[in-house]
Amino acid sequence: MAEYLPILILGSIIGVFSLIFILAYILLKRSKPKDFDRHMKDTEIIGRLLRYAKPYWKQFVLVFVVMLFSIVYDLVSPLLVGHIVETVTVPGFRYSYLLQVVIVYAGILLVSMVCTYLQSMILQKTGQKILSALRQDLFVHIESLSHEQLNNIPVGKLVTRVTNDTNAISFLFTNILVTLLKNVMVIVGVLGAMLLLNYALTLMVLCFVPFLLLFTVVFRKFSRTVHRSVSDATTDINTYLSENLSGIKITQIFNQEGTKYTDFVTRSKKLQKAKYGRLFVFGVFRPMVYMLNISCVMCLLYLGSKGYIENLSFFGQVITSNVVVSFYMYISKFFNPIQTLAEQFDMLQKSFASSEKIFTILDMVPQVVDEEDAVELETIKGEIEFKDVWFAYKKDEWVLKGVSFHVLPRQTVAFVGSTGSGKTTILSLICRNYDIQKGQILIDGIDIRKIKIASLRKHFGQMLQDVFLFSGDIRSNILLRKEGVSDEEVMEAARYVNADSFINRLEGGLDEVVRERGNNFSAGQRQLLSFARTIIHKPAVMILDEATANIDTETEILIQDSLEKMKNIGTMLIVAHRLSTIQHADNIILLSQGQIMEQGNHQQLLALKGRYHQLYTLQYTKQQLQQS
C-alpha cells in the first residue's frame, strides 16, 4: 500500500480543489441575478445564424475536409515518436531507417501546417462575408425603425450592436465552431488511439476526466458571469461616451467637466473590475487543467517506470518505453483540446449572447411600415388635409385633439403657438414619422398610410432648427449621395438660397471640409446649406421647423429672401415663434394644447383681436424696446 502513497496524496490534493470548486459553484448559483440568463434558446440562435452561413456551405465543407488532414498529425505523431524511441533502443539500429521515419514525420507536420493555413484563410474570408451581410441587415433594419423606437434606444447601444456584437459573431464563424468540432474529433481520436495502444493506461487517464469535467462546468458558470459583466460595462461606457461627447459643449458651458470626469471614472472602474474578474477566472481555470495534466503525466511516469523496472504488467499488458513516450504525447493532446473546448464553449456562449442582442434589434417590428396595398407616387401636387386627427406619444396623453385643416397646393401655411401646443408634431405626422391613433391625413386626396413611406418622404424637404451636417465636404452634404448632379447644378441651388455668398469665400469651395456635425460653420451657414440640400432634391412640399431661430440679423435677411424664392417651388409649411417672419403666409394656424384656436391670414387674425393679436402685439412691443 505504501508504494501507492504518492498517488493517494495526489488524489487528495485534487479532491480538495474539487470541493472548493463545488462550494464556489453553489455560492454563484445562489447569487445569480434573475435576469442573467438569455431568453432565446441556443438552437434558435444557431438556426438563425446558419441562414447567414448557408450561402457559403461549400467553403465550410472544404474546411472540414482540410481539417481532417490536420487531425491526422495529432493522431499519428505520438505513434511515430514512440516508434522512433523503440527503433533507437533496440539492437540492430539503422540510421537510414530512422531518417525515413523522421522524413515521414516531417511530411505529416508540413501537410498539417499547410492545412491549418488554408483552413484559417478560408474561414477568415468566409467569416468576414457573413459578418458584412449581418451588419448590413442590422444597419438597414435600424434605419427602418420609427422615431419613437429610435428615441428609446441609446445611440451608444446601437453602435455596440453593430460593431462589438457583430465582431463576436464573426469570431464564432472564423474560429469557434470549427475549433470545437476539431477538438471533439481530436479527443475521440486520441482516446481511441490510446485504447488500442494500452487500455490499462487509458483507464488511468480516464480517472482524471470526472475532475476535468467538474472544473469545466464550474468554469463555464463563472466565465458566463464575468463575460456578461464585461459586456454590460462596455455597453454602458459606450453609451455614456456617445451621449457626453456629443454634448461636451454643454458640459463646458456649465463648468461640469469634473462631474462628468467622475462619472466616467466610475464607469471605467466598473469595466476594469469586470475585466479583472474575467482574468481571475481564466487565471484559476488554466492552472487547474494544467495541474490535472501534470498529475496524469506523473501517474503515467510512476506506473510506467514501476512496471518497466520491476517487469510488471497491468491488466495483462506490459508497459514499454515507446508506450510511455506515446502516452506522454497523447496525454498532452488529450488535455489541451479539453481545456480549449471549455474556453471555446465559453466564447460560444458569449457569441450567442451577442447574437441574441443583435436579433433583439432585428426582431423589433417597425411601428411605421408600408401597408400591403400602398402605392408609389411619382409626383404630388402638394395638397394636404388633416381630418379630425388625434395623436398621442403616450397612451391617453393626447398631443393633438381633433385637428382639422386644409392646405392647397403651393400655399404657404404657418403654425404658431406656445411650446407643446403640437406644431412640430403636425410636421412629423405629415412625413409619417409617427402614425396617428384617430382621424386621417391626406396628400392629394390619398391617405398617407396608403402611400409607400419612401415614395412619400422623397417629395418632402425638411429644414430644421438644428441642422445636421455629416463629416465630408460641402458637396456631399448638399447632394446626400444624389447621383448625376453636376457642380454647376449644386452651385445653382446654392445661389438660389444665397448660400453661394459664403461658399465662394471658402478656400475649398464645394470641396471645403465639413467636420463632425458641421461645427466649423456658423448656425446661419449650416441653415443655408440645408436650404440648398432641400432645393437640389426638388421637393413638392417644404417643411421649416424654426429654421430662422437663433440666426443673426444679416443671415436672417438672406434666409428670408431664400424663403420668398422657395415659395414658388411648392407647398410650404412653417413653424415659427417669430410672427414677423410669417406675415406673408397664406394661412396661419394658431394652436393651443393640441387644438386649433384661430386660423386665417395675418390681417384676418389681427382683426379678430384674439390670441394671435396678443402674441403679435407682445412681440412687436418687445422688438421696439430692443431697438430703442
Side-chain angles (χ1 to χ4, degrees), residues 58-126 174-175 178-202 204-205 290 293-294 296-301 303-305 307-309 314 317-341 344:
K58 293 181 180 179
Q59 286 87 332
F60 285 105
V61 171
L62 178 60
V63 167
F64 177 75
V65 174
V66 171
M67 183 178 63
L68 292 178
F69 284 98
S70 65
I71 291 176
V72 171
Y73 168 76
D74 293 318
L75 300 180
V76 175
S77 58
L79 294 176
L80 287 175
V81 173
H83 183 66
I84 290 173
V85 172
E86 184 180 22
T87 301
V88 173
T89 56
V90 298
F93 162 70
R94 288 183 300 134
Y95 178 77
S96 59
Y97 180 73
L98 174 64
L99 184 61
Q100 293 175 5
V101 177
V102 171
I103 291 174
V104 172
Y105 181 87
I108 295 175
L109 176 61
L110 180 62
V111 171
S112 175
M113 292 172 62
V114 172
C115 290
T116 302
Y117 171 78
L118 292 175
Q119 172 186 313
S120 177
M121 292 301 297
I122 296 171
L123 284 175
Q124 286 296 329
K125 291 182 178 180
T126 304
T174 58
N175 186 285
V178 173
T179 304
L180 281 173
L181 179 60
K182 179 181 178 179
N183 286 334
V184 170
M185 295 176 66
V186 168
I187 291 171
V188 173
V190 167
L191 189 60
M194 287 194 298
L195 283 170
L196 291 174
L197 189 61
N198 191 298
Y199 65 83
L201 290 180
T202 304
M204 181 273 296
V205 173
Y290 185 70
N293 188 348
I294 296 300
C296 188
V297 170
M298 291 173 62
C299 289
L300 168 68
L301 296 177
L303 296 176
S305 60
Y308 186 78
I309 294 172
F314 292 91
Q317 290 190 307
V318 178
I319 301 177
T320 60
S321 58
N322 69 304
V323 171
V324 173
V325 172
S326 297
F327 255 82
Y328 176 78
M329 296 183 66
Y330 274 132
I331 287 173
S332 176
K333 293 184 180 297
F334 182 75
F335 276 89
N336 286 342
I338 291 179
Q339 176 178 331
T340 305
L341 268 177
Q344 291 287 341

Over all heavy atoms of both residues, which pair between [X] and [Y] is shortest? Give the atoms and the distance, please.
{"X": "Met204", "Y": "Cys299", "result": "SD-CB, 3.7 Å"}
{"X": "Thr202", "Y": "Met194", "result": "OG1-O, 2.9 Å"}
{"X": "Ile331", "Y": "Cys296", "result": "CD1-SG, 3.6 Å"}
{"X": "Val186", "Y": "Lys333", "result": "CG1-O, 3.9 Å"}

*Looking at side-chain heavy atoms only, is the closest gap between Leu118 and Val114 below 4.5 Å?*
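Side chain of Leu118 against side chain of Val114, heavy atoms only: contact under 4.5 Å found.
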
*asked:* I'd like to check Leu201 versus Val205 (side-chain heavy atoms, cut-off strictly below 4.5 Å). Are they in contact?
replied: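 No, every pair of side-chain atoms sits at 4.5 Å or beyond.
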
Apply side-chain contact (heavy atoms from CB on, under 4.5 Å) to [X] and list each qualifying residue two or more places apart in sequence or on a separate chain.
{"X": "Phe60", "result": "Ala53, Tyr56, Leu123, Thr126, Ile130, Phe173"}
{"X": "Met121", "result": "Tyr117, Lys125"}
{"X": "Thr174", "result": "Gln124, Ser170, Phe171"}

*asked:* Please report the interatomic distance CG(Leu191) to CG(Leu195), rounded to the nearest 0.5 Å.
replied: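 The distance works out to 5.0 Å.
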
*Under 3.5 Å, is there a donor-acceptor pair between the side chain of Thr116 and the main chain of Ser112?*
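Judged by distance alone, yes, a pair lies under 3.5 Å.
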
